[in-house]
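The structure appears below as structure tokens.
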Amino acid sequence: MSAPVPHILVTGSTRGIGAAIVAALQARGARVIGHGRTDGSDVLGADLEDPSAADALWARALERLDGRIDVLVNNAGVFEAAPVDVADDVWRAAWARTMQINLQAAADLCRLAILHMRGRGDGGRLVNIASRAAYRGDSPAHWHYAASKAGMVGMTKSIARGYAAEGVLAFAVCPGFVMTGMADDYLASRGGDKLLADIPLGRVAQPAEVAGAAAYLALDAPASMTGAVLDINGASFVR
Ligand code: NAD
């Protein structure tokens, strides 16, 4: 008898890394529902800045996937500047927004996934797209981004330790720079040649490379790997 087709929810799938993850999973035969800020043909809309949006998204995704989700990929995220010299309220609003979208919404979805998956005979998997910034830190205008991604890594490891016995596996991926926009614009916005000089591989990662790692964790990684964090950064930060 063949294994059942895995049912997968991928957040932030309208472009960039999320779109590549959906393509990689679909190429493997998975049944995938995507997500973005607003509804689309294969995409459920939910603005994750709204604290209740993750719960509503989970309920809708379950409905679309006939009541079964085997894998959750938390990929949605924002990378927005908050330099120290902005006004106090702007600073706090920037922190709240980044922590809500990058960490709280991902945590809410992980919680609902665990409640759904725990104790099922066949378990389930969580794949969280964090960042090199979790370990290395980020620019002076992006402490909140680094903190949100470090939180994601800590959350992933806690879930792996806490729910392995109940069949729920958890993994994180930490990309360095990933070419998600037009190459020239992307490089210019992140420091140009200086950025490349810091990457021994000599280039930034492609979305398909991150997607391949995410698909491996979602579908193939042995259960004993639970809690693992995969770095994809061209050796720009080796730990
Ligand atoms: P992107 O900006 O191209 O896409 C982000 C996705 O998240 C989009 O689908 C967008 O709709 C969704 N999203 C953003 N804010 C949202 C909100 N409020 N509500 C609902 N959805 C929202 O980003 P990307 O570069 O493909 O990054 C994807 C993930 O990878 C992010 O978590 C990011 O932090 C992480 N990452 C990216 C890089 C990089 O260099 N591109 C490096 C390390 C980690």
Side-chain angles (χ1 to χ4, degrees), residues 9-24 32-40 42-58 60-61 72-81 93-94 96-110 127-139 142 144-153 155-156 172-183 185-191 195-196 198-199 203-211 213-214 217 229-234 236-237:
L9 167 63
V10 180
T11 69
S13 67
T14 55
R15 61 185 204 195
I17 294 169
I21 292 173
V22 170
V32 185
I33 184 73
H35 153 263
R37 279 194 193 83
T38 53
D39 277 342
D42 287 326
V43 168
L44 298 174
D47 184 347
L48 297 177
E49 192 176 3
D50 171 351
S52 64
D55 291 15
L57 170 62
W58 180 261
R60 287 181 70 203
L72 163 68
V73 182
N74 274 310
N75 166 77
V78 288
F79 179 78
E80 295 168 347
R97 179 174 149 78
T98 288
M99 296 306 272
Q100 168 60 37
I101 296 169
N102 290 10
L103 183 57
Q104 185 67 58
D108 293 347
L109 288 169
C110 284
V127 180
N128 290 325
I129 309 301
S131 168
R132 179 184 71 168
Y135 290 98
R136 199 190 80 146
D138 212 296
S139 83
H142 293 96
H144 56 340
Y145 178 79
S148 72
K149 296 301 189 177
M152 198 177 218
V153 170
M155 172 176 93
T156 306
V173 179
C174 284
F177 290 114
V178 184
M179 188 75 78
T180 49
M182 299 299 290
D185 293 350
Y186 182 91
L187 292 179
S189 72
R190 285 162 169 86
L195 174 155
L196 293 181
D198 197 32
I199 306 174
R203 64 172 179 82
V204 301
Q206 292 298 324
E209 295 182 286
V210 181
L217 295 174
V229 182
L230 297 188
D231 290 343
I232 304 182
N233 63 40
S236 60
F237 190 74

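Note that these values count all heavy atoms, side chains included, but never hydrogens, waters or copies made by symmetry. Read the numbers this way: they start at 1 and go in the same order the structure lists the ligands and their atoms.
Residue Leu48 has at least one heavy-atom neighbour below 4.0 Å for each of these atoms of ligand 1: 17 (C), 18 (N), 19 (N), 20 (C). Counting the atoms of ligand 1 from 1 in the order shown, those under 4.0 Å from a heavy atom of Ile129 are 30 (O), 32 (O). Short contacts between ligand 1 and Ser131, defined as distances under 4.0 Å to a heavy atom of the residue, involve ligand atoms 43 (C), 44 (C). Of all atoms in ligand 1, numbered sequentially from 1 with element shown, those under 4.0 Å from a heavy atom of Ala46 are 19 (N), 20 (C). Contact atoms of ligand 1 toward Asn75: 28 (C), 29 (C), 30 (O), 31 (C), 32 (O) (distance under 4.0 Å to a heavy atom of the residue). Within the listing of ligand 1, atoms 1 (P), 2 (O), 3 (O), 4 (O) sit less than 4.0 angstrom from a heavy atom of Arg15. Taking every heavy atom of Ala76 and a limit of under 4.0 angstrom, the matching atoms of ligand 1 come to 7 (O), 32 (O). Which parts of ligand 1 touch Ala130 is read off a 4.0 Å heavy-atom cut-off, strictly below it: atoms 35 (C), 44 (C).
When non-hydrogen atoms are compared, ligand 1 lies under 4.0 Å from the side chain of Lys149 (C-beta onward) but not from its backbone. By the criterion of a heavy-atom distance under 4.0 Å, the backbone of Ser13, and not its side chain, is placed next to ligand 1. Looking at Val78 against ligand 1, only its side chain comes within 4.0 Å, counting heavy atoms. By the criterion of a heavy-atom distance under 4.0 Å, the side chain of Ile101, and not its backbone, is placed next to ligand 1.
The side chain to side chain contact (heavy atoms under 4.5 Å, CB included) with Val10 is formed by just one residue from the set Leu72, Ile33, Val32; it is Val32.
Atom-to-atom distance recorded for Gln100:CD and Asp108:CG is 7.0 Å, nearest 0.5 angstrom. Note that CD of Gln104 is 10.0 Å distant from CG of Leu109, once rounded to the nearest 0.5 Å. Rounding to the nearest 0.5 angstrom, the gap separating the OG1 atom in Thr156 from the CD1 atom in Ile129 is 9.5 Å. Rounded to the nearest 0.5 angstrom, Glu49 CD and Thr98 OG1 are separated by 9.0 Å. In this structure, the separation between CG on Asn233 and CD on Glu209 is 11.0 Å, given to the nearest 0.5 Å. Put simply, CG on Asp50 and CD1 on Ile101 are 10.5 Å apart, with the number rounded to the nearest 0.5 Å.
The nearest pair of heavy atoms linking Thr14 to Gly36 is CG2-CA, 3.7 Å.
The shortest distance between side-chain heavy atoms of Asp138 and Lys149 does not fall below 4.5 Å. His144 places a side-chain heavy atom less than 4.5 Å from the side chain of His142.
Note: no N/O pair closer than 3.5 Å links Gly16 and ligand 1 by distance alone. Of the N or O atoms in Arg37, one or more lie within a sub-3.5 Å distance of an N or O in ligand 1. In terms of N/O distances under 3.5 Å, ligand 1 is approached by Tyr145. Some N or O of Val178 is nearer than 3.5 Å to an N or O of ligand 1, by distance alone. The distance criterion of under 3.5 Å between nitrogen or oxygen atoms is not met by Gly18 with respect to ligand 1.
Within the structure, ligand 1 has His35 among the residues with a heavy atom less than 4.0 angstrom away. Taking 4.0 Å as the cut-off, Phe177 counts as a neighbour of ligand 1 on heavy-atom distance. Ligand 1 does not have Ala19 within reach: every non-hydrogen atom of the residue lies 4.0 Å or more from it.
No donor-acceptor pair closer than 3.5 Å links the side chain of Asn128 to the backbone N or O of Ala130.
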task = May I have the step-by-step check of side-chain contact (heavy atoms from CB on, under 4.5 Å) for Phe237 and Asp231, ending in yes or no?
result = CA-CA 8 Å; Phe237 190 74; Asp231 290 343; 5.6 Å; no

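Of the listed residues (Val210, Thr98, Thr14), the one carrying the non-hydrogen atom nearest atom 10 (C) of ligand 1 is Thr14.
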